[in-house]
Asks: 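First the structure, which I've put down as structure tokens, then a few questions once you've had a look.
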Amino acid sequence: MRSLILNTATRYLLPLILLFSVFLLLYGHHEPGGGFIGGLVVSAAVALCALGFGVSTAQRILPIPPPQLIGTGLLIAASSGAWALFRGKPFLTAVWGQIPGRGNDQFHIGTPLLFDLGVYVVVVGVVLLIVFTLAEAVDLTGAQAGSTERAISGTEEGIEPAAGPPQP
Amino acid sequence: MPGEDSSGAFDGFSRPQLILAFSAAPRRHWSRIKEGLVRPFLWNGVLAFVWALVIEDISLPSLALGFVLGYAILWMTRRVLETAEYCARVPRLIEFVAFFVWELVWANLRVAYDVITPKHHMRPAIIALTLDAQTDLEITLLANLISLTPGTLSLDVSPDRKALYIHHMYVRNPDVEKQRIKNGFERRLLKVLR
């Protein structure tokens with residue numbers, strides 16, 4: 001059941017969804033969003049790709065496999081907490097800096113963003129590990145699922161001459 | 001047809017046609033360029049615009065940030081959406097532009113120093129640069145880049161398109177200057193174009 005509509009839509013939606021997840025990650029501190037939701041959106045995009053093009057294609061979006069993503073994300077999040085230790089403050093205390101922008105605008109950047117980034121990566125790793133593990137049991141594009149379906153229907157009905165006498 | 005008559009009668013066309021017959025240049029098909037470069041570039045522009053819409057600030061800095069983020073996303077999905085060629089070429093283009101600006105500034109300073117100081121440092125010569133560039137576009141761009149840089153001026157291409165004659169103001173050692181242009185302008189230009 002490889003669908004033309006799903007494939008085409010995936011091709012066009014994938015970059016847009018990924019861009020939106022970056023928006024959620026960066027603007028999540030003051031507005032709805034954040035690392036967790038951004039990571040879920042990325043996972044949804046990759047899962048969409050897995051539905052449309054198969055798991056092996058979807059896996060090629062990720063730079064490293066999901067289990068290693070989990071470890072990397074945890075390391076990033078932990079390092080954001082360690083930053084405060086060098087300032088003599090308790091672990092995970094937020095340290096903020098400022099980047100001067102145009103006019104009176106100032107961008108606040110700090111360790112919570114790094115923590116969110118870690119969460120983002122961990123969520124992508126966990127959800128995709130689940131998705132890929134489930135997808136490996138049943139191929140989502142239907143190649144394997146179709147064959148098992150046919151086998152089941154064949155044994156249940158037993159009337160369909162699927163393996164009937166060879167036609168001349 | 002009047003167009004065919006006039007082109008056949010006009011004598012000036014015979015020589016360029018002869019030169020074109022000499023060139024065994026590898027030609028890139030437009031459809032390949034469109035798929036590999038133009039379409040990802042348009043995609044990158046769309047992503048920049050969508051980013052500006054999402055953060056509700058359509059200005060040049062936010063469009064530039066959107067372009068950078070869009071490039072990063074196209075790089076992430078390069079093996080799925082087949083944008084690898086575009087993603088590989090953009091850094092080369094940036095490298096080329098940076099190198100050209102650097103060469104331009106440096107050559108300007110060298111010529112300006114010679115102008116404002118009384119002593120004469122010039123050692124003009126004409127050198128023949130053996131070309132790796134093959135197509136019309138490659139040779140034309142290389143010649144114009146060399147002419148744009150102060151101190152060097154491209155004069156002509158040899159009839160067999162194997163060499164480019166350059167007038168250079170500071171030639172101590174011709175081989176050194178040839179290698180400088182070959183490894184600088186030509187190599188970087190061909191990396192962008194091919």
Side-chain angles (χ1 to χ4, degrees), chain A residues 6-33 38-39 41-43 45-65 69 99-103 105-107 109 117 120-121 124 128 141, chain B residues 28-95 98 192:
Chain A
L6 182 65
N7 281 11
T8 314
T10 304
R11 205 185 290 275
Y12 285 89
L13 281 176
L14 186 62
L16 293 173
I17 297 174
L18 290 177
L19 190 72
F20 186 62
S21 84
V22 175
F23 166 75
L24 286 175
L25 171 68
L26 292 182
Y27 282 74
H29 197 70
H30 298 297
E31 290 168 37
V41 170
V42 171
S43 312
V46 178
L48 185 68
C49 190
L51 282 168
F53 294 97
V55 176
S56 60
T57 309
Q59 276 168 336
R60 289 196 292 176
I61 297 176
L62 303 174
I64 50 178
L69 274 179
I99 300 173
R102 287 176 307 160
D105 292 350
Q106 278 190 325
F107 298 106
I109 188 166
L117 186 69
Y120 183 87
V121 176
V124 172
L128 287 182
T141 55
Chain B
R28 288 162 54 81
H29 293 289
W30 168 241
S31 64
R32 222 191 100 212
I33 297 173
K34 200 168 75 178
E35 290 292 321
L37 296 177
V38 176
R39 186 175 288 188
F41 178 72
L42 290 178
W43 249 114
N44 209 338
V46 168
L47 288 175
F49 187 66
V50 168
W51 174 260
L53 285 182
V54 165
I55 69 171
E56 296 174 7
D57 173 32
I58 302 180
S59 64
L60 201 59
S62 62
L63 281 173
L65 177 64
F67 199 86
V68 171
L69 289 173
Y71 175 78
I73 282 162
L74 289 181
W75 186 81
M76 286 286 286
T77 55
R78 67 193 183 282
R79 280 167 292 195
V80 178
L81 299 179
E82 289 156 10
T83 52
E85 194 185 354
Y86 169 75
C87 290
R89 211 162 286 227
V90 167
R92 287 187 225 155
L93 182 66
I94 293 169
E95 183 201 344
V192 173

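Quick note on labels: first sequence line is chain A, next is B, and so on, each numbered from 1. Everything numeric in this text was worked out from a predicted model, so none of it was measured. Both backbone and side-chain heavy atoms feed into the values below; hydrogens, waters and symmetry mates do not.
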Asks: Would you find more than 12 non-hydrogen atoms of other residues, nucleotides or ligands less than 6.0 Å from B:R92 atom CZ?
Replies: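 Yes - once you tally the heavy atoms of other residues, nucleotides and ligands closer than 6.0 Å, there are more than 12.
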
Asks: Under 4.5 Å, heavy atom to heavy atom, which residues of residues 44-51 of chain B contact chain A?
Replies: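 Contacts with chain A: B:L47, B:V50, B:W51.
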
Asks: Atom CZ in A:F53, atom CG in B:L81: separation rounded to 0.5 Å?
Replies: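 Here the interatomic distance stands at 8.0 Å.
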
Asks: State, yes or no, whether a side-chain contact exists between A:L16 and B:W43 at a heavy-atom distance under 4.5 Å.
Replies: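 Yes. Closest side-chain heavy atoms under 4.5 Å.
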
Asks: Is A:F23 atom CZ crowded by more than 12 heavy atoms from other residues, nucleotides or ligands, each under 6.0 Å away?
Replies: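 Counting neighbours around CZ of A:F23, more than 12 heavy atoms of other residues, nucleotides or ligands fall under 6.0 Å, so yes.
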
Asks: For the interface with chain B, which of A:L19, A:T10, A:I61, A:L18 has the highest count of heavy-atom pairs at distances below 4.5 Å?
Replies: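 Of the candidates given, the most pairs with chain B belong to A:L19.
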
Asks: Measure A:L62 against the heavy atoms of chain B and call it side chain, backbone, both or neither at under 4.5 Å.
Replies: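 A:L62 touches chain B through backbone heavy atoms alone.
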
Asks: For B:E82, which residues count as a salt bridge (charged side-chain N to carboxylate O under 4.0 Å, His left out) partner, sequence neighbours excluded?
Replies: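 Salt bridge (charged side-chain N to carboxylate O under 4.0 Å, His left out) check on B:E82 returns nothing, list empty.
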
